[in-house]
Amino acid sequence: MDLTTRLLLGMTAFAVLGYLSFVYCGCAGAVDCHFRSCGRQLCGVVYSHPSAR
């Protein structure tokens, strides 16, 4: 692998990890946030108010 490929892979990994930490760690502090599961997998994050539950 040359330097450019390593740099691009590193930037991509950093962007993906940054996005996941922004979404899921931000959800940990929100009261209306909970995780949605599809069977045994985590599908995403859902925001709903307590009155809608």
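Index from 1, following the sequence.
- Qualifying side chain to side chain contact (heavy atoms under 4.5 Å, CB included) partners for Leu20, counting only residues two or more places apart in sequence or in other chains: Val16, Tyr24.
- For the side chain to side chain contact (heavy atoms under 4.5 Å, CB included) test, residues two or more places apart in sequence or in another chain that qualify with Met1 are Thr5, Arg6, Leu9.
- Other residues sharing the hydrophobic cluster of Met11, ordered by chain and number and joined by side-chain separations under 4.5 Å: Leu7.
- Taking the side chain to side chain contact (heavy atoms under 4.5 Å, CB included) definition, one finds that Leu8 meets it with Thr4, sequence neighbours left out.
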